[in-house]
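Both backbone and side-chain heavy atoms feed into the values below; hydrogens, waters and symmetry mates do not.
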Amino acid sequence: QAQLVESGGGLVQAGGSLRLSCAPSGRPFGTYAWAWFRQESGKEREFVAAITWRAGNKDYADSVKGRFTISRDPAKDTVTLQMNNLKPEDTAVYYCAADPYGRRTYSLRDVRSYEYWGQGTQVLVSS
């Protein structure tokens with residue numbers, strides 16, 4: 001079973017918005033960083049956005065800068081991805097991920113930094 005649960009995916013027309021949320025599926029746990037990745041059918045999983053839990057430092061893929069915003073809510077132990085001005089090329093399954101270690105062996109953009117994952121939520125952007 002997935003360690004994290006995503007919600008908020010769905011179908012939207014180009015130019016529209018969606019808000020994705022992510023939270024632990026069971027017992028709460030500490031993290032160094034959270035991230036969102038996405039995967040188009042037949043392609044490799046790619047980095048979208050990340051945020052460190054303590055300082056709130058953020059990192060975004062160039063393709064989503066100015067359109068997507070990642071944030072965290074310590075009181076709810078939840079991470080959110082606000083997606084605005086969506087484009088057809090944003091269509092993908094979006095995955096939430098968490099790094100409980102903070103070893104910093106890899107960057108926030110690297111899938112190898114993350115231990116916990118959600119099952120994914122589908123985002124479909126039509127023309």
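Two different hydrophobic clusters hold Val123 and Val5 under the rule that ILVMFWY side chains link at heavy-atom gaps under 4.5 Å. Under a hydrophobic clustering in which Ile, Leu, Val, Met, Phe, Trp and Tyr are joined whenever their side-chain heavy atoms come within less than 4.5 Å, directly or via other members, Val79 and Tyr116 fall into the same cluster. Note: the hydrophobic cluster containing Tyr32 also contains Tyr95 (ILVMFWY, side chain heavy atoms under 4.5 Å, direct or indirect links).
The two atoms that bring Ser17 and Asn84 nearest to each other are OG-OD1, 2.9 Å, heavy atoms only. In plain terms, the two heavy atoms of Thr78 and Ala23 that are nearest each other are OG1-CB, 4.0 Å. Considering every non-hydrogen atom in both Thr80 and Ser21, the closest pair reads OG1-OG, 3.8 Å. What you find for Leu86 and Leu18 is that their closest heavy atoms are CD1-N, 3.9 Å.
Annotation: side chain of Met83 is not in contact with side chain of Arg67 (no heavy-atom distance under 4.5 Å). In this structure, the side chains of Arg38 and Leu81 stay at 4.5 Å or more apart for every pair of heavy atoms. Looking only at side-chain heavy atoms (C-beta outward), Thr105 and Arg112 stay at 4.5 Å or farther from each other. In this structure, the side chains of Thr91 and Gln122 come closer than 4.5 Å at one or more pairs of heavy atoms.
Tyr94 contributes atom OH, which lies 12.0 Å from atom CD of Gln39 (distance to the nearest 0.5 angstrom). A distance of 7.5 Å separates CZ of Phe68 from OG of Ser63, quoted to the nearest 0.5 Å. In this structure, Leu4 CG and Glu115 CD are separated by 10.5 Å, a value rounded to the nearest 0.5 Å. Between the OH atom in Tyr60 and the CH2 atom in Trp36 there is a gap of 12.5 Å [rounded to 0.5 Å]. Within the model, atoms CG of Asp59 and NZ of Lys65 stand 7.0 Å from one another, a figure rounded to the nearest 0.5 Å. Between Ser25 atom OG and Trp117 atom CH2 the span is 15.0 Å, to the nearest 0.5 Å.
Environment of CD in Glu89: crowded, with over 12 heavy atoms of neighbouring residues, nucleotides or ligands closer than 6.0 Å. By the neighbour-count criterion of 12 heavy atoms within 6.0 Å, atom CD of Gln13 is sparsely surrounded, having that number or fewer from other residues, nucleotides or ligands.
The aromatic rings of Trp34 and Trp53 sit tilted relative to each other, their planes meeting at an angle between 30° and 60°.
A cation-pi contact, defined as under 6.0 Å to the ring centre and within 45° of the axis, is absent between Arg45 and Phe37.
Judged by distance alone, the side chain of Arg72 and the main-chain N or O of Arg54 form a donor-acceptor pair under 3.5 Å. Using a distance-only test at 3.5 Å, with no hydrogens or angles considered, a donor-acceptor pair links the side chain of Tyr114 to the main chain of Leu108. A donor-acceptor distance shorter than 3.5 angstrom exists from the side chain of Glu6 to the backbone of Gly120, with no hydrogens or angles considered. Proximity of a side-chain donor or acceptor of Ser113 to a complementary backbone N or O of Ser107 within less than 3.5 Å is detected.
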